[in-house]
2 protein chains.
Amino acid sequence: MRKTSSRAGGRGRPKRELTRERIMKAARAVFAHHPYHSASMRMIGRAGKFDHALIRYHFPSKAKLFGALLAEVCDELVEANRSCLEGLAGLPPDGAIARYLDRFLDYHDDHPAALRIITLNIALADRPDAIPGYRRIPEVLTRTRETFEQALPVPAPADEVARYHYAFNNLLINFLGAGSCQMIILGMKGRDADYRAWVKKTMTFLFLPPLKKLMGESG
Amino acid sequence: MRKTSSRAGGRGRPKRELTRERIMKAARAVFAHHPYHSASMRMIGRAGKFDHALIRYHFPSKAKLFGALLAEVCDELVEANRSCLEGLAGLPPDGAIARYLDRFLDYHDDHPAALRIITLNIALADRPDAIPGYRRIPEVLTRTRETFEQALPVPAPADEVARYHYAFNNLLINFLGAGSCQMIILGMKGRDADYRAWVKKTMTFLFLPPLKKLMGESG
DNA sequence: TTCTTTTTTTTACGATCGTGAAATATTATT
DNA sequence: AATAATATTTCACGATCGTAAAAAAAAGAA
């Protein structure tokens, strides 16, 4: 007979969902270190200590699994961005940018896989669906731009705001997503805290002056 | 008997070298669209219209081939950078940055594979030799910084110059190397000329003011 | 020409890939 | 406990991978 609810009788979430999350977690770890076509189902299985065939029971294919993961990661990024922008409207430019960077760097420390997955696959968008669900990546930029416009309304033309937002996020994604390589370049290998401070200082150095202009505080 | 010179009697370069270049050209095309582990010898063979086994006669392994290509590409980038910086010392900041960007964008139009190869593999440097010869990538940054310091000496602390140089090149590499994706984000898919203009404008918008500061023209 | 060297293709091996079906184990229901 | 449903593993298939050796072709030297 058909089970009416997987949760019936048991405490906690149904096993189906728990396993899906285990798989997603393992997939996140693997796709954070290998571009889509280089990662394999068997790598994910090893990372999560389950057989690779189990994935197929919960996700119909590698492409669908990656698509689901990418969607999750991108939604998470948009939400993190929204959260980091909260309550910045009243602050002066230097306070706002410092606050935003501190928050976002915290987010990245807690969820380093997200930006890595983006960075590893962003350059692969040659033709539509060269990687599954790649549309999500450009969408992150457009969605965070809308959030930015609403959270920090500034008296400046929309295309200037877009230019600022786009450059800001591109550079930050690159700094954090490819951080391990950047640290090597800067001679900070392993010194994550130093690198974090460097990123904050550099982003501020570069983006505070134009932010002042955007906010009409040109000085 | 041993041939004293492959060139003997024939006009032009020896076949050995010609084939090596054919292989490198095909490899460049393939590695410009696939990260190291995703690209295959057979792809390269198809791209160059030769059997994949031929590669092994001229290069001992996939890793060595990629290493050779990466070294070539990185040297080419350093040289392009040097060439683009030539004669900029006397110019005012806005002229210098415009000139540099025009030149470098020209270079990229002629050799789009170079920055693509960098961008596709830069985030893979987890551990030493996750990709063969990855050291070349950080080296490009350090070498171009030295070139920059010599070509455009400015009265500013070395770490500020380094910060500027590093951010500038990171963003530019990202804009151009992942251009196809960036154009999608900006709604400029296929409009390469528009995107090029956008890149120039954005880079100028962002990097001209701090360059003025570096050059002591703070306004 | 004939012989030797160099270059290229053919063929093959073991490994890994994504996927699928079958077999087994686990859990829920009666 | 018996039965049904769900979850997981085992096994297998065809394809592709990098590499290797042998065979064939092309080129050069005599």
Side-chain angles (χ1 to χ4, degrees), chain A residues 1-27 30-31 33-69 129-132, chain B residues 1-27 30-31 33-69 129-132:
Chain A
M1 219 190 180
R2 186 140 194 82
K3 235 194 330 186
T4 55
S5 161
S6 303
R7 196 181 290 114
R11 63 216 175 295
R13 291 207 303 295
K15 189 166 198 184
R16 175 176 185 77
E17 198 176 328
L18 284 174
T19 304
R20 273 185 67 101
E21 283 173 15
R22 272 214 308 158
I23 293 172
M24 287 290 260
K25 185 179 172 185
V30 170
F31 283 120
H33 290 85
H34 305 274
Y36 173 64
H37 288 105
S38 305
S40 79
M41 305 292 257
R42 286 168 174 85
M43 285 182 196
I44 297 169
R46 279 192 295 270
K49 315 239 185 241
F50 47 77
D51 194 275
H52 73 275
L54 176 61
I55 303 173
R56 234 186 74 77
Y57 181 75
H58 293 271
F59 297 89
S61 68
K62 180 186 176 185
K64 295 283 186 182
L65 169 63
F66 184 78
L69 176 63
D129 275 330
I131 66 165
Chain B
M1 219 188 179
R2 185 141 197 83
K3 238 194 326 187
T4 54
S5 162
S6 304
R7 197 181 290 116
R11 63 212 175 296
R13 292 206 303 296
K15 190 165 194 182
R16 176 175 185 78
E17 198 176 328
L18 283 174
T19 305
R20 272 184 68 101
E21 284 174 15
R22 272 214 307 157
I23 293 172
M24 287 290 259
K25 185 179 172 186
V30 169
F31 283 120
H33 294 273
H34 305 275
Y36 173 63
H37 288 104
S38 305
S40 80
M41 306 292 256
R42 285 167 174 86
M43 285 183 198
I44 296 169
R46 279 192 295 271
K49 315 241 184 239
F50 47 77
D51 194 274
H52 74 275
L54 176 60
I55 303 172
R56 232 184 76 78
Y57 180 74
H58 293 271
F59 297 89
S61 68
K62 180 186 177 184
K64 296 282 187 183
L65 169 63
F66 184 79
L69 176 63
D129 276 327
I131 66 166

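In what follows, every chain begins at residue 1, and chains take the letters A, B, ... in the order their sequences are listed. Small disclaimer: the values here were computed from a predicted structure and weren't measured.
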Open item on the list: Does A:His58 reach a base, just sugar-phosphate, or nothing at all? Heavy atoms under 4.0 Å.
Closed with: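 Result for A:His58 = sugar-phosphate.
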TODO: For A:Ala39, answer base if it contacts any base atom (sugar-phosphate contacts may also be present), sugar-phosphate if it contacts only those atoms, and nothing otherwise; contact means non-hydrogen atoms under 4.0 Å.
DONE: sugar-phosphate
Taking only the side-chain heavy atoms of [X] (C-beta and beyond), determine which of [options] contains the nearest atom.
| X | options | answer |
| --- | --- | --- |
| B:Met41 | D:dT9, C:dT9, D:dT19 | D:dT19 |
| B:Tyr57 | D:dT6, C:dT26, C:dT6 | C:dT6 |
| B:Arg16 | C:dT7, D:dC17, D:dA7 | C:dT7 |
| B:Arg42 | D:dT10, D:dT19, C:dT9 | D:dT19 |
| B:Ser40 | C:dG18, D:dC17, C:dC17 | D:dC17 |
| B:Ala53 | C:dT6, C:dT10, D:dT8 | C:dT10 |

TODO: In sequence, state the C-alpha distance, the side-chain angles, and the governing distance for A:His58 and A:Thr19, and then conclude on side-chain contact (heavy atoms from CB on, under 4.5 Å).
DONE: CA-CA 8 Å; A:His58 293 271; A:Thr19 304; 3.5 Å; yes
Let me know the distance between [atom1] of [X] and [atom2] of [N], rounded to the nearest Å.
| X | N | atom1 | atom2 | result |
| --- | --- | --- | --- | --- |
| A:Lys49 | D:dT9 | NZ | P | 13 Å |
| B:Leu18 | D:dA26 | CG | C1' | 15 Å |
| B:Phe59 | C:dT8 | CZ | P | 12 Å |
| B:Ile55 | C:dT9 | CD1 | C1' | 13 Å |
| A:Leu54 | D:dT6 | CG | P | 16 Å |
| A:Phe50 | D:dT9 | CZ | C1' | 13 Å |

Task: Short side-chain N/O contact from A:Thr19 to OP1 or OP2 of D:dT8, under 4.0 Å - done: yes
- [ ] Kindly say if A:Lys62 contacts the phosphate of C:dG18, meaning a side-chain N or O under 4.0 Å from OP1 or OP2.
- [x] yes
Task: From A:Asp51 atom CG to A:Arg42 atom CZ, the distance as rounded to the nearest 0.5 Å - done: 8.5 Å
Open item on the list: Once rounded to the nearest 0.5 Å, what's the spacing between atom CD1 of B:Ile44 and atom NE2 of B:His34?
Closed with: 10.0 Å
Open item on the list: Pick the closest DNA chain C nucleotide for B:His52 and for A:Arg56 by heavy atoms, then say which residue is nearer the 5' end.
Closed with: B:His52
Task: Residue closer to the 5' end of DNA chain C, B:Asp51 versus A:Pro60 (nearest nucleotide) - done: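 On the 5' side of the pair lies B:Asp51.
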- [ ] Determine the interplanar angle of the A:Phe66 and A:Phe31 rings, folded into 0 to 90°, and report it as parallel if under 30°, tilted if 30 to 60°, perpendicular if over 60°.
- [x]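 Judged by the thresholds at 30° and 60°, the geometry between A:Phe66 and A:Phe31 is perpendicular.
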